[in-house]
Each structure stands twice: as structure tokens, then as C-alpha cells.
Amino acid sequence: MGSVFTSSYASAAVFVFVLLGGPAQAETPEIMMAMCRSKAHEALKVRMPEIDTKYEGQRTDGSHAVNGTAFTPSGERTFQCSFNKAGSKITNFVVNKTTAPAQSQGATPSRDEQACLQAVSTTTNNGDVATLRVETSEANTTVIVGVGPKRAPWKCLASKGVVAEVMSITDEGRL
């Protein structure tokens, strides 16, 4: 009977240990990306929909890396968040220097970029449009277009000069 009591006592102790926060498990990449976005939002004074983050993985020292970009009318601001081994706390936040908006860099817009600028201008009935960012892949080119003086962000997908989709990426819940 003593062994049953000991076994039950040991099981209860393990249950309480796990329940009260046994060995810490790393936060998910999604949680770390959200924490990094929030930090960038506070530090850069940029709205959340205009901030992208990407989980880069766990480093050899056990820390975690999240990189991000904030899109502003004056250009892109890139930043990095370093997390502790558990992924529960940002241990370092670094903001890189500002880069100019895509259109002001002097390059001639691609066919896809031109098509997206036209499509967003037509969709919004606003000729004040500017390219904020361009990403290319095998399937499509994604163009983030700023509209109006505040450069409200719009996303456009195009391939070979043909637009497949145009959509606002403004946080309409905050309007």
C-alpha cells in the first residue's frame, strides 16, 4: 500500500509541476512575430497593418530571430527582434536606417508595377498613388501601393502586366 501512495504522490507532484509552469517551452513563431510587430508599432509610431514580420528561426545560441519591415510614406524601416531561448521576451530590438520609397529610387517601374499603379488608381478613383514596395515570385509580382497624401496601403497582384487582384490592406476597424 505504501507503493501505491508513493506512486500517487509522485503523479500528483508531476501534475502540479507541469501545471504550475514546469519546463518552459518556446513561444510559437506567430506569437514572437506578433510581439515584434507590437514593439515596432510602439517604437516607430507606425500602424499595425503597415508592419510585416518574418520568423527567421532559432540561432545556434538558442535565441530566436524575427525580422520586419514597416512601410511609411517616407520609406521603409527595417528592424530586428531578438528573443530569449524560450521566445517569451525580446532581448534586443534594432531599427535600421530609412530607405527611400521604391518609386523615388529612380528605376523605371516594371510592367507589373505600372499595371498595379493604374489598377489601384482606377479602383480608388485617386491619381495620387506611389509604389511602397515590390516583391516578385515565380507566380506573381506583389506591389504595395500607397494612395493619397497619407499613402493608405493597397495590395496588388500582377503577372506579365495583367492584374489579378487589388485590395485595401488598411485596418478598416480603426477608421
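Atom set for the values below is all heavy atoms of this structure, side chains included, hydrogens, waters and symmetry mates excluded.
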Identify the heavy atoms of [X] and [Y] that sit nearest to each other, and give their distance.
X: C81; Y: F83; answer: CB-CE1, 3.7 Å
X: G87; Y: M35; answer: O-SD, 4.3 Å
X: A115; Y: G161; answer: CB-O, 3.4 Å

Rounded distance (nearest 0.5 Å) linking atom [atom1] of [X] with atom [atom2] of [Y]:
X: T131; Y: E113; atom1: OG1; atom2: CD; value: 3.5 Å
X: S110; Y: K160; atom1: OG; atom2: NZ; value: 14.0 Å
X: F93; Y: E42; atom1: CZ; atom2: CD; value: 9.0 Å
X: F71; Y: T78; atom1: CZ; atom2: OG1; value: 10.0 Å
X: L132; Y: W154; atom1: CG; atom2: CH2; value: 13.5 Å
X: K39; Y: I51; atom1: NZ; atom2: CD1; value: 12.5 Å

Member of T53, D52, V46 meeting the side-chain contact (heavy atoms from CB on, under 4.5 Å) criterion with R37: T53
Could you tell me if the side chain of [Y] sits less than 4.5 Å from the side chain of [X], heavy atoms only?
X: D128; Y: P149; value: yes
X: E56; Y: V66; value: no
X: V163; Y: L157; value: no

V147 and V120: CA distance, side-chain angles, deciding distance, side chain to side chain contact (heavy atoms under 4.5 Å, CB included) verdict: CA-CA 8 Å; V147 178; V120 171; 3.5 Å; yes
Result of checking T136, T141, T142 against D112 for side-chain hydrogen bond (donor to acceptor under 3.5 Å, both in side chains): T141
Test item: [X] side-chain N/O and [Y] main-chain N/O as donor-acceptor pair under 3.5 Å:
X: S38; Y: A34; value: no
X: S63; Y: R59; value: no
X: T91; Y: S82; value: yes
X: S121; Y: L117; value: no
X: H64; Y: K85; value: yes

Step-by-step side chain to side chain contact (heavy atoms under 4.5 Å, CB included) determination, F79 to N67: CA-CA 6 Å; F79 55 90; N67 292 339; over 6 Å; no
D61 atom CG, neighbour heavy-atom count above 12 within 6.0 Å: yes
E27 side chain to S88 side chain, donor-acceptor N/O pair below 3.5 angstrom: no
NZ/NE/NH1/NH2 to OD/OE distance under 4.0 Å, R133 and E135: yes
